[in-house]
**Student:** 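Dropping the structure in here first, questions after.
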Amino acid sequence: METRDLEVSLRERAGAVILDLVGDIDSRADANLQSAYDDAVRGNRSIVLNFTRAGYINSTGIALIVALLADARDQGVRITACGLSDHYRKIFEITRLADFMPIADDEDGAVPGAEQGHHA
Amino acid sequence: MVIVVVLAEFELPSQVGNEREVVDRVAGAVEGLELGAERLERLKTAVAEATLNAMEHGSGYRPDRPVQIRVVREVGRLLVQVSDRGGGRELPERGDPDIEAKLAGEQTPRGWGLFLIENMVDEASITSDGERRTLELVMALEGGADGDA
């Protein structure tokens, strides 16, 4: 299992900020994930966590996501997830993260109105 | 007569990130059992969490207190035993984490490890002899009496 420290890049699409998560979401991801979230949450009401290129996610990584979600709820920011593998999607369901963070199959499904804009 | 085949037995220092090597070595050891992709992913997550638990709560991330791993095939089931020297220490709270309490700031965001383990494998149990604690993960294997996967 190849290890890769998490890198996060931000981009905007159809009024949402998309965080592309590349690498592992574990204890070493804390600073990069938090920093990217802090940038994304400024002035935005919709954030998409794109897990398409994420690798290993462990219980500490889940805790990091829970912490972001808690902050987002306090600030009235919607967080959506997309690109999860079947395995991690199941874990998000088991932990009930999915009850509080909608999970879309892909980015088009995660960005409100993106599909219409894409085809316009 | 119980037929037991030891597929792997090793130890690694309790250091951040070493759970990944444990996962790789366990996955290699069970390669021939044809668990299936989904169940293998589940086992890998459980092994990672069991190792993290042992390194953190059992060994306090002290490299001189390694974790021991034993992978055993019995008839109809696979066992992965993760041991540490924290038999005298209390484990973190058991029971299902409450995400609503976590989101409300009433619980720490952490505390998912044992919950994940219990949901990933067919059976999980913890034994302790006072010094050494072992978390045993069990996955059923298809194939009945001859143990073929």
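Sequence lines set the chain letters: A, B, ... in the order given, protein chains first and strands last, and positions in each chain run from 1.
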**Student:** Below 4.5 Å, heavy atoms only, C-beta onward: do Trp112(B) and Asn58(A) meet side chain to side chain?
**Tutor:**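 A side-chain contact under 4.5 Å is absent here.
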**Student:** Compare all side-chain heavy atoms of Leu103(B) with those of Leu69(A) and state whether any distance is below 4.5 angstrom.
**Tutor:**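 Yes, side chains in contact.
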**Student:** Pick from Ala104(B), Pro109(B), Ala48(B): which one has the most heavy-atom pairs with chain A under 4.5 Å?
**Tutor:** Pro109(B)
**Student:** Holding to side chain to side chain donor-acceptor pair (under 3.5 Å), I want the full list of residues that pass it with Arg77(B), two or more places apart in sequence or in another chain.
**Tutor:**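 Expected list: Glu74(B).
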**Student:** Rounded at 0.5 Å granularity, tell me how far CG in Leu52(B) sits from OG in Ser27(A).
**Tutor:**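 Those atoms lie 8.0 Å apart.
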**Student:** Only heavy atoms, only distances under 4.5 angstrom. Which residues in residues 85-93 of chain A are near chain B?
**Tutor:**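 Answer by number: His87(A), Lys90(A), Ile91(A).
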**Student:** Please name all residues satisfying salt bridge (Lys or Arg N to Asp or Glu O under 4.0 Å) with Arg11(A), sequence neighbours left out, ordered by chain then number.
**Tutor:** Asp20(A), Glu107(A)
**Student:** Please state whether the side chain, the backbone, both or neither of Arg96(A) comes within less than 4.5 Å of a heavy atom of chain B.
**Tutor:**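 Both backbone and side chain of Arg96(A) come within 4.5 Å of chain B.
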**Student:** Compare all side-chain heavy atoms of Glu19(B) with those of Tyr56(A) and state whether any distance is below 4.5 angstrom.
**Tutor:** yes
**Student:** Might you confirm whether atom CD of Glu38(B) has over 12 heavy atoms from other residues, nucleotides or ligands at distances under 6.0 Å?
**Tutor:** no
**Student:** Under 4.5 Å heavy-atom distance to chain B, tell me which part of Thr60(A) shows up: side chain, backbone, both or neither.
**Tutor:** side chain
**Student:** Any chain of hydrophobic side-chain contacts (each under 4.5 Å) joining Val22(A) to Leu10(A)?
**Tutor:**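 Different clusters.
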**Student:** If I compare all heavy atoms of Thr95(A) with all of Phe115(B), which pair ends up nearest, and what's the gap?
**Tutor:**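 Between these two residues, the closest heavy atoms are CA-CE2, 4.0 Å.
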**Student:** Between Arg20(B) and Asp24(A), is there a side-chain N and carboxylate O pair less than 4.0 Å apart?
**Tutor:**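 So Arg20(B) pairs with Asp24(A) through a salt bridge.
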**Student:** Hey, what do you get for CG (Leu116(B)) to CD1 (Ile57(A)), rounding to the nearest 0.5 Å?
**Tutor:**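 It comes to 11.0 Å.
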**Student:** For chain A, find which of Glu49(B), Arg110(B), Met120(B) contributes the most heavy-atom pairs closer than 4.5 angstrom.
**Tutor:**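 Highest number of heavy-atom pairs under 4.5 Å: Glu49(B).
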**Student:** Got a sec, which pairs hit salt bridge (Lys or Arg N to Asp or Glu O under 4.0 Å) with one end in residues 58-68 of chain A, sequence neighbours left out?
**Tutor:**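 Every pair satisfying salt bridge (Lys or Arg N to Asp or Glu O under 4.0 Å) with a residue in residues 58-68 of chain A: there are none.
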